[in-house]
Structure formats: C-alpha cells, structure tokens
Engineer: 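Quick one: structure below, then a few questions.
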Amino acid sequence: MASLELKGVRKSFGSTSVLDDIDLTLDAREFIAFLGPSGSGKSTLLRIIAGLETADAGEVWLEGRRIDGLPPGERGVAMVFQQYALYPHMSVRENMAFGLKNARVPKEEIARRITEAARVLEIEPLLDRRPAEMSGGQRQRVALGRALVKEPKLFLLDEPLSNLDAALRLRTRVELAQLKQRVDAAVIMVTHDQAEAMTLADRIVVMNDRKIQQVGPPMEIYGRPANTFVAQFVGSPAMTLLPAQMVDGTLTTLKLGDGTVVGTQVPRESLPSWANLRLGLRPEAVRIGGRGKGKPKAKVELVERLGERTLIYARMADGQAITAEDEGNSRARIGDEVSLKIDGALAYVFDSDGNGHHRGAA
C-alpha cells in the first residue's frame, strides 16, 4: 500500500495560483525531496499535507485513509519546521514531551519514547538543557526528536538544514541519512538545495511554475532531465544550452551558431520538430584542449579552481556562453582563447517546447 497519495491538489491565494493539479504517490519508508526555487509551491504543498493549509481542490490519503478533512493532530504526520519552534523556557525533555502530554499519552510511554528518540539522535546528554544552552545543530536534532516521539506515519521536514552553517549542514545531512535508516516511516523534505536532495532522497520531486516538472531517482533527474528547467536547475554549474540546427543523420547531429558540428547519441526520430532545437552540455561533456581543424574556440571569462578540477566559463565565437571542465592544475587564464573538445555522447537535445530528448538507455 502506498504511504501517501496526492490526487489533483490545487491551491490559490486570492487570484494567484500556487499549485495546479498535483498528483503524487509516496511509498512506505520512502524519502522524497521536494526541490525547487522559491515560490514553486513546495512548502505550500507540505503544509497542505500537514493540515496547516487547506487545499482548494484535491485529496490527500495516508495509508489508505483520507486525511485532508482531519485536523493536523489527527493525521498521523509530524512536521519539523525551519525555525525549530522550540519552547525556550522548557528543557529538551519537556519540549519533547509537550505534544504527547496534550494527547494524553501515559507518563511511562512518554518516558519510553523520549529515551528511545534521544538514543537514536544521540542527544541523551542534552535532555535537561534549555534551547539557549545548545548550538543550532543540537536544537535541530531536538526538533527532530520532538517529531520522532510522536511515532508518525509520515515525517515532514521544511528546509531543516537552512539555518545551519556549512560545517553543521554537512554533519546534520549525514545524521539525517542515518536517521532515515532507523525510522519506520516515510519522509518528505522540502529544500532548495540540490546537494541535500541528491544526497538524501530516494526520489526527487522537482517543482516549478505551480507544477511537478519531474519525479525520479537523483541520478535519473540529473542524467535524463525532462525539460530545460530541470536541466538547468539540477546540476552545479547549470547545464549549457546552445541554439542549434539539425544536420542529416540517423542519430541527431546538430550545427551550432559558430559552425561547430556535434554528433549526439539521441535518436533523430524522437524529435518532433527540426526547428528551434537546443544542445545541452554539462561541464563534464566539454573539455579544454585539443588541436585540429574544426575545433570550436572560446574566450575565457572566469576560471573557478575547485582543487581536483577547474571549471572554465567562456564565450564562443557566436557570443554563446559555455562552461567547460579542465584539470585541477589548469593553465587557463581570463582572456585566453582555448580550444574545446565536445563529447557528443554526453549531450542532450531539447525541442522547441523545452522537452528533453536523450540517448538510448545503456
């Protein structure tokens, strides 16, 4: 049985549409990330599942029971907020017990759940401290613990790492990855950070413009983007998209604005039109160097040194921007003219509607 089902969920604030016909199924114990830019509707959708917002249309089902008409406390979900929302005058133990006391859970059961959650989250030494006596990472774990003691069927995490510094984000990301192996519940996390989504999620739901753009495992989202939005939003730096024209061939061969011809592995018959095509290239598909007639040239505008590799941001002869990859000890400098080696086997093709067309599955 599916853990969560969303059927035709819609939401508007006044005349502004926020969600438009959202359909989604979440499997038992699955970890899903809602990924998208600000304003894409991901937090609103999470709040509708939690019962903190009311959908204008559609249904929300949890383990075979329709819950969109139930108050938040009766839905079987637990939400962890971005701002922790801990009571400052209460100890960690009291914060974790508060919701259970209101639900009239017996004292012995409350103690058992707190002890178990503290063990899982490794916060036993913090149980008698107050929030002001803890670091941001510790407070985030307490917020997770307060959700964990409810023993919910579904965890909802709203940007849980956004208030942490870089080092704590990485550490807490590891802790979340370990936590999902220990809890017997499905998890939905809202994030705008693709690294969090790619690291933690079993599947990613990419959202933009009120709709779900694509749903799939992290590497499917990265390797076979459904459209130009997904292609440029997932992946850092963003995929290069170059205007191109079709050249004869069984597989799609494209001619770029500077005259460069790139042979791809994309079947030509999959393309509905020859017009307004774009070639998609991730940095790993474009290398610096190489000699020979017909090699495209580009002028370096920025060199980003990342240690094991270097990213080269350059502009081609027709004025199109392109991002390439080079060795960690690259000799490229701003203002240099460099030759590019484009690997067509790693290229993507997008049609006039922005839909992605990919090489056949390996």
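In what follows, every heavy atom counts, from backbone to side chain, and hydrogens, waters and symmetry copies are set aside.
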Engineer: Would you mind listing every salt bridge (Lys or Arg N to Asp or Glu O under 4.0 Å) that reaches into residues 85-108, with sequence neighbours excluded?
Structural biologist: Arg93-Asp128

Engineer: Kindly indicate whether the side chain of Asp158, heavy atoms from C-beta on, has any atom under 4.5 Å from the side chain of Met79.
Structural biologist: yes

Engineer: Leu281 pairs by side-chain contact (heavy atoms from CB on, under 4.5 Å) with which of Leu242, Leu241, Thr323, Leu340?
Structural biologist: Leu242

Engineer: Does Arg66 have any side-chain contact (heavy atoms from CB on, under 4.5 Å) partners at least two apart in sequence or in another chain, and if so, which?
Structural biologist: Glu59, Trp61, Asp68

Engineer: State, yes or no, whether a side-chain contact exists between Ile221 and Val230 at a heavy-atom distance under 4.5 Å.
Structural biologist: yes

Engineer: If we only count heavy atoms from C-beta on, is the Val206 to Ile212 side-chain gap below 4.5 Å?
Structural biologist: no

Engineer: Any sub-3.5 Å donor-acceptor pair from Thr264's side-chain atoms to Thr252's backbone N or O?
Structural biologist: yes

Engineer: Compare all side-chain heavy atoms of Ile22 with those of Arg10 and state whether any distance is below 4.5 angstrom.
Structural biologist: no

Engineer: Is the backbone N or O of Gly99 less than 3.5 Å from a side-chain atom of Asn102, with the two atoms forming a donor-acceptor pair by type?
Structural biologist: no

Engineer: Which pair of non-hydrogen atoms, one from Asp258 and one from Pro296, has the smallest distance, and what is that distance?
Structural biologist: OD2-CB, 3.8 Å

Engineer: Holding to ring pair (Phe, Tyr, Trp, His ring centres under 6.0 Å), I want the full list of residues that pass it with His358, two or more places apart in sequence or in another chain.
Structural biologist: Tyr348

Engineer: The criterion is side chain to side chain donor-acceptor pair (under 3.5 Å); which residues satisfy it with Glu325, sequence neighbours excluded?
Structural biologist: Arg287, Arg309

Engineer: Any donor-acceptor pair under 3.5 Å linking the side chain of Lys11 with the backbone of Thr54?
Structural biologist: yes

Engineer: Leu19 pairs by side-chain contact (heavy atoms from CB on, under 4.5 Å) with which of Met207, Arg210, Lys211?
Structural biologist: Met207

Engineer: For a 4.5 angstrom cut-off between non-hydrogen side-chain atoms, does Ser339 reach Ile288?
Structural biologist: no

Engineer: Should Glu116 and Arg112 count as an ion pair when the cut-off is N to O under 4.0 Å?
Structural biologist: no

Engineer: Hey, are the side chains of Val215 and Arg203 touching, using non-hydrogen atoms and a 4.5 Å cut-off?
Structural biologist: yes

Engineer: With sequence neighbours left out, what residues match Phe350 under ring pair (Phe, Tyr, Trp, His ring centres under 6.0 Å)?
Structural biologist: none

Engineer: Any chance NZ of Lys7 has more than 12 other-residue heavy atoms, nucleotides or ligands included, within less than 6.0 Å?
Structural biologist: yes

Engineer: Taking Asn95 for its side chain and Ser91 for its backbone only, find out whether a donor-acceptor pair lies under 3.5 Å.
Structural biologist: yes

Engineer: Is Glu301 salt-bridged to Arg315, going by a charged N under 4.0 Å from an acidic O?
Structural biologist: yes

Engineer: Does any part of the side chain of Leu6, heavy atoms only, come nearer than 4.5 Å to the side chain of Ile49, both counted from C-beta?
Structural biologist: yes

Engineer: Could you tell me which residues satisfy ring pair (Phe, Tyr, Trp, His ring centres under 6.0 Å) with Phe233, sequence neighbours excluded, listed by chain and number?
Structural biologist: Phe229

Engineer: Taking the side chain as every heavy atom from C-beta outward, state whether Asp351 and Asn276 have any pair of such atoms under 4.5 Å apart.
Structural biologist: no

Engineer: Work out which heavy atom in Met198 is nearest to a heavy atom in Ile204; give both atom names and the distance.
Structural biologist: SD-CD1, 3.8 Å

Engineer: Strictly below 4.0 Å, N to O, side chains only: are Glu124 and Arg119 in salt-bridge contact?
Structural biologist: no

